Novice: 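My structure is below; once you've seen it, I'll send some questions.
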Amino acid sequence: MYRRARFAVVIPAVAGGLLAGMTPALANPGTVNTTGIPARYAEQDLAWRQCTAEDVPDKPETAKILECATFASPRDWERPDDPPDVTIAISRLKSTGETTASVLTNPGGPGGPGRSFPASLSEQAKLREHQEIIGIDTRGTGRSTNISCGGAGQGAIHDPRDRDPRNLDLLLDEVELTTKTCERASGELGRFIDTFHNTKDLDLLRVLLGREEINWIGYSAGTWLGAHYAQRFPDRVGRFVLDSSVDFTSTWAASFDLQPMGYERRWRQDFLPWAATHDDRYGLGTTGEQVRQTFEQVRYALTRDPVEVDGVKVGPGELDSRVVGLLKSKRAFPGLADFLVQLRTLTGNDAPKQARAAIAAEPASNDALLAVLTAVRCNDSPTPGDRESVIRRSQEFLDQGELLAGGYWMFIQNCIFWDNQPRPLPTMDGKGVPPVVLVQSANDPATPIEGARKAHAGFENSRLLTVTGEGDHGIYGYGNPAVDEVVDAYLVDGVVPENQSVPGMPLPDPA
């Protein structure tokens with residue numbers, strides 16, 4: 001669950017008081033390193049320099065406003081003297097005034113490269129006044145020490161709605177092969193890519209930044225990481241914002257099980273009616289149901305004759321994948337509608353051959369992101385089940401009418417094939433943790449609100465800011481002034497909000 005792939009995360013304060021975590025950058029080392037970090041790691045210097053395009057390959061244009069650095073971290077935090085170390089790549093967007101606090105960020109995944117992410121918050125003027133914004137490529141991904149899936153998982157996608165047992169066997173064979181290849185290609189390091197090690201890396205970074213406390217803005221799967229850091233190090237928590245939250249009080253599997261319902265709701269309640277409203281532009285149908293039928297006709301045509309784009313076949317599985325990705329942001333709705341219009345042309349009886357160049361092929365998935373996504377989920381928490389139970393569960397989703405992602409859900413059940421045993425994680429109840437703030441849109445497809453509500457109910461002293469009439473995955477810093485006002489008051493002024501609702505932003509005008 002990754003915001004801006006944008007393909008999902010607290011804190012003692014007195015209203016009007018000084019920002020939690022506003023300790024001087026050169027704090028007394030004795031008050032900073034009280035969590036037992038070995039001196040050879042805690043005494044590293046962060047050699048900040050201007051970032052280059054190579055430092056942020058996912059978004060090279062952000063290099064001009066960011067500074068970059070790296071630090072060494074133990075491969076195994078339970079045996080920190082065992083070589084080799086891993087390298088963690090970080091960035092910072094400097095504050096516009098005197099820097100008195102650090103806010104760490106995470107875009108989600110787990111495994112989304114985060115070094116470029118501070119640039120997405122560059123227009124948050126109030127936040128930047130006295131806080132440096134820190135981006136992190138968590139271990140395994142980005143420009144940090146990588147793990148790999150060896151190129152697996154990038155072939156054609158089997159149609160999960162085709163319930164022929166032979167097709168389902170082939171689909172699960174591919175999932176198993178990808179999982180085993182990820183585990184083998186990642187080698188020994190793969191066992192140490194998990195939330196426990198990520199929280200320890202974050203605490204080391206806190207020490208290197210000279211902070212007694214850190215602030216946090218995490219999106220999607222970054223809510224899991226932020227909440228787990230807060231539970232493990234409650235005395236080091238400043239102000240934590242968990243945006244588009246998974247249910248971090250449960251398991252990864254429980255959160256991903258909500259997605260078929262979430263995507264179907266977003267599809268039927270938001271996109272389909274919107275496309276019908278703009279039938280004069282797209283011609284997909286004058287009602288939401290007509291638009292859905294158009295989609296189903298195109299999808300069926302692709303089951304019989306996939307479209308070849310740049311040498312890559314685009315079939316129903318690839319269509320599902322593209323639609324699921326584009327539903328996470330309303331800004332993508334016009335592009336999704338155009339995509340369906342183009343596909344309808346390509347699958348028509350009189351499809352002009354030259355039109356086949358109109359659709360760009362889906363870019364290959366990031367190998368390190370896929371590897372970390374697999375390792376963190378599978379190393380963190382058990383995923384019960386086997387091939388038969390996965391098939392039964394996916395059929396239940398389809399029978400419930402959750403067609404868009406009910407079959408696609410099968411592709412993320414790879415942890416049933418994972419060999420490493422999960423590492424025990426703390427009980428996530430929020431006891432002893434300062435107030436945390438969850439920001440959640442009502443129709444978020446990737447991290448449905450039901451998960452956020454459960455996390456809020458089970459995590460003491462948390463607050464839930466619900467964004468009504470909204471379905472975007474990732475809210476703070478993306479154009480909603482009502483959300484930004486509440487979150488900025490919390491992050492900057494220490495005003496802990498009550499549970500409340502604020503309105504979302506309107507769907508886009510394609511004109």
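Because the structure is a prediction, the values reported are computed rather than measured.
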Novice: Answer yes if the side chains of Ser441 and Asp472 hold a donor-acceptor pair under 3.5 Å, and no otherwise.
Specialist: no

Novice: Search all heavy atoms of Pro60 against all heavy atoms of Ala53 and return the closest pair with its distance.
Specialist: CB-CB, 3.7 Å

Novice: Looking at side-chain heavy atoms only, is the closest gap between Arg139 and Thr145 below 4.5 Å?
Specialist: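 In short, these two side chains do not touch, never coming nearer than 4.5 Å.
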
Novice: Are Arg299 and Asp159 close enough for a salt bridge, meaning some N to O gap below 4.0 Å?
Specialist: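 Result for this pair is yes, salt bridge flagged.
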
Novice: Is a side-chain N or O of Asn443 found less than 3.5 angstrom from the main chain of Glu470, in a donor-acceptor match?
Specialist: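 Not a single qualifying donor-acceptor pair exists.
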
Novice: Does the side chain of Val323 reach to within under 4.5 Å of the side chain of Phe271, using non-hydrogen atoms?
Specialist: no

Novice: Is a side-chain donor-acceptor pair under 3.5 Å present for Thr52 with Glu54?
Specialist: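 Side chains of Glu54 and Thr52: pair found under 3.5 Å.
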
Novice: Looking at Val390 and Trp409, what are the two nearest heavy atoms and their distance?
Specialist: O-CZ3, 3.4 Å

Novice: Tell me yes or no: between the side chains of Glu289 and Gln293, is some donor less than 3.5 Å from an acceptor?
Specialist: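 Per modelled atom types, Glu289 and Gln293 side chains form a pair under 3.5 Å.
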
Novice: Does the side chain of Ser73 come under 3.5 Å of the side chain of Asp201 through a donor N or O and an acceptor N or O?
Specialist: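 Yes - a donor-acceptor pair under 3.5 Å links their side chains.
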
Novice: Does either side chain, that of Arg453 or that of Thr466, offer a donor lying less than 3.5 Å from an acceptor on the other one?
Specialist: no

Novice: Hey, which of Pro57, Pro107, Ser144, Ser91 is the one that makes side chain to side chain contact (heavy atoms under 4.5 Å, CB included) with Arg115?
Specialist: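 Output: one option passes, namely Ser91.
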
Novice: Looking at Asp419 and Lys180, does any basic side-chain N land under 4.0 Å from a carboxylate oxygen?
Specialist: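 Looking at Asp419 and Lys180, the cut-off is met.
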
Novice: With a 4.5 Å heavy-atom cut-off, do Val314 and Arg322 have their side chains touching?
Specialist: no

Novice: Please check: side-chain N/O of Thr427 versus main-chain N/O of Asp429, any donor-acceptor pairing under 3.5 Å?
Specialist: no

Novice: Any sub-3.5 Å donor-acceptor pair from Ser462's side-chain atoms to His456's backbone N or O?
Specialist: yes

Novice: Do you see a donor-acceptor pair shorter than 3.5 Å between the side chains of Asn106 and Trp216?
Specialist: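 No, because no side-chain N or O of Asn106 sits under 3.5 Å from a partner of the opposite role on Trp216.
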
Novice: With Ser116 as reference, evaluate Asp55, Asp58, Thr62 under the side-chain hydrogen bond (donor to acceptor under 3.5 Å, both in side chains) test and give the passing residue.
Specialist: Asp58

Novice: Keeping the roles fixed (side chain from Thr141, backbone from Asp137), state whether a donor-acceptor pair exists under 3.5 Å.
Specialist: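 Side chain of Thr141 to backbone of Asp137: no pair is present.
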
Novice: When you measure from the side chain of Ser122 to the backbone of Ala119, do you find a donor-acceptor pair of N or O atoms at a distance under 3.5 Å?
Specialist: yes

Novice: Flag the pair Asp173 / Arg387 as yes when at least one side-chain heavy-atom distance between them is below 4.5 Å, and no otherwise.
Specialist: yes

Novice: Tyr263 and Tyr408: aromatic ring centres closer than 6.0 Å?
Specialist: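 Not close enough - the centres of the two rings lie 6.0 Å or further apart.
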
Novice: Provide the closest heavy-atom pair for Ile193 versus Asn379 in the form atom of the first, atom of the second, distance.
Specialist: O-ND2, 3.1 Å

